[in-house]
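What follows is a short report on a single structure.
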Amino acid sequence: LLTGADVLVRELAALDVTTCFANPGTSEVDLVRALDTLGSIRSCLALHENVVTGAADGYARITDHPAMALVHLGPGLANGIANLHNARRAHSPVVTVVGQHPTWHLAADSPLSSDIESLAGVVSCWVGQPTDVSDLGQAVHDAVAAARRPPKGVATLIVPMDVQRAEAAPHRTGCFAAAPNRPVAAEQIAAAIEALRKGAATILWLGRGALSAEGLVTAARIQAATDCRVFSESFPSRLERGGGLPAFPSVPYFPEHASVAIKGASAHVFVGMARPVYMFGGPNGSSSPVPANDQVVELADDAPHCVLEMLASALGPLPDVPHKAPEVRACSGSLDPESAGITVARLVPDGAVVVDESGTSGTGYQTASAASARHVRLGVTGGSIGMGLPVAIGAAVASPDRRVIALEADGSGMYTVQSLWTMARESLDITVVVLANRRYAILETEFARAGTEPIGALASSLIDLSNPTLDWVRLAEGHGVPATRVTTVEDLETALARSFADPGPALVEAVI
Ligand SMILES: Cc1ncc(C[n+]2csc(CCOP(=O)(O)OP(=O)(O)O)c2C)c(N)n1
Ligand SMILES: [Mg+2]
């Protein structure tokens, strides 16, 4: 007997969805049984739904293909929404599957009932809830297609228990036609070239696929030919880094620094991104450092690195640009945020993935990584903290041959600390470096910017993570991850080297 649940799982597998991150409940029991029966979808348990969804995001950022995120009813989905929000901002393809009460039971408004479609709508590019088993196979197909369709996103499939359990006919799986690329018009390219020829008065902005290795190299050639300035988007989901690749600055986080950084520009060419916007708004009601009356050319395209190639060819044959790796300052002795990041950047293994949720302690790594071995950096996209450890899980599952380093601010790490258990259980090659400043340091800075210094005892207690001090070594060990605490550059080097040499996860608490 074939059931709806079997059809769902078979259809996903046929569409090359080979990984599931799950936190199931009663309404997902049939789906779990179907996963068990089919056996070809690797399924990993996570102990909170925000770990499930963040892991699916990390998986997508590496493979550009969806994993299945299996969660329980409305409350399970609600727990996972913060990291689905980040996944949406990252344009990560994710297929979220939510079990639902039987269709005939919904009107009774049982204790776990809620408006799942509304919850899903906040983060999803597609939401479907088939109520007849004969529609289920097509719905699975539509969900995967929606998640993969540029600009890519989260598709949420809600599956009632009676639909999961109903007898089903085998669904005929269809393959995807390659998504047609929507190319930019020739006039747009011409307008961009005219702007770029203004040299330093023009900024070339790079986002998404323009930050691939090819994109960065091509952008450097365009810059050398035109003397334009180049900035990368502030919160890239994925950035190729090190190994001799050109590195471009992003606009500083705080508005007062951002507008200074782009001063003198009057024209902007956007590839793979739209106009940058401030996280919390800027001075005089401004939302962007780019003034409203500046000249703007937006080259929206599904393949940003191809747009850069078009610009480069329109400028004529351009020579390669020899890369000058920046000098990285030597550091030793007691750790501070800067030296911790520089040390990680110096030791990053070739081909590694660095998940960067370093908070205020990130500039050392972010600057020095331009001189690192070639690696990929996955960052915070939607500003919702607690993504780092889950994204590291997804990245490690997606690339078992690479070392994943999670550079993790301590406050952010605590949002999804259960991730450590999944890392241990799945023996993932993840090195977690906790940057333990034992406070929400960014909020201290924000109080100062708001002119409310010195802050009162209550405000102070709301941004302080001591009393009691979090013991990351014991937290990690309690989740099955070996851990060590370091306070000097030398000990951090030793701990990193040991972790890179040993298979499986490890945690280093770097007290800064
Ligand atoms: C889900 C979510 N909750 C709360 C916040 C607000 N917030 C932003 S940064 C921050 C503290 C970050 O502290 P930590 O991760 O230790 O980094 P640090 O500032 O110390 O470098 C908080 C609470 C947020 N961005 N996202
Ligand atoms: Mg902190």
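As the structure lists them, so they are numbered: ligands from 1, and atoms in each ligand from 1.
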Provide, line by line, the atom pairs where ligand 1 and the protein bring an N/O atom each to a distance under 3.5 Å; else say none.
unit_1   : atom_1 : unit_2 : atom_2 : d
ligand 1 : 3 (N)  : Tyr415 : OH     : 3.4
ligand 1 : 15 (O) : Ser412 : N      : 2.7
ligand 1 : 15 (O) : Ser412 : OG     : 2.6
ligand 1 : 16 (O) : Asp410 : OD1    : 2.7
ligand 1 : 16 (O) : Gly411 : N      : 2.8
ligand 1 : 16 (O) : Arg439 : O      : 3.2
ligand 1 : 19 (O) : Ala441 : N      : 3.1
ligand 1 : 19 (O) : Ile442 : N      : 2.8
ligand 1 : 20 (O) : Asn437 : OD1    : 3.3
ligand 1 : 20 (O) : Asn437 : ND2    : 2.9
ligand 1 : 20 (O) : Arg439 : O      : 2.8
ligand 1 : 20 (O) : Ala441 : N      : 2.9
ligand 1 : 21 (O) : Thr360 : N      : 2.7
ligand 1 : 21 (O) : Thr360 : OG1    : 2.6
ligand 1 : 25 (N) : Gly383 : O      : 2.9
ligand 1 : 26 (N) : Ile385 : N      : 3.2

Subject >> Contact flag Arg439/the Mg ion (ligand 2), N/O/S atoms, threshold under 2.8 Å >> reply: yes
Original post:
the Mg ion (ligand 2) to Asn437: any N/O/S contact under 2.8 Å?
Top reply: yes
Subject >> Name of whichever N/O/S atom of Asp410 is nearest to the Mg ion (ligand 2) >> reply: OD1
Original post:
Where is the tightest heavy-atom contact between Val98 and His72, given as atom of each residue plus distance?
Top reply: CG1-C, 4.4 Å
Subject >> Arg42 side chain near Val397 side chain, heavy-atom distance below 4.5 Å >> reply: yes
Subject >> Flag side-chain contact, heavy atom, 4.5 Å: Phe248 against Leu211 >> reply: no
Original post:
Side chain of Asp350, backbone of Ala373: donor and acceptor closer than 3.5 Å?
Top reply: no
Original post:
Do Glu426 and Ile393 pass the side chain to side chain contact (heavy atoms under 4.5 Å, CB included) test, and can you show the C-alpha distance, the side-chain angles, and the key distance before you say yes or no?
Top reply: CA-CA 9 Å; Glu426 300 291 329; Ile393 290 174; over 6 Å; no
Original post:
Hey, are the side chains of His65 and Val17 touching, using non-hydrogen atoms and a 4.5 Å cut-off?
Top reply: yes
Subject >> Qualifying residues under ring-ring contact (aromatic ring centres under 6.0 Å, His included), relative to His479, sequence neighbours excluded >> reply: none
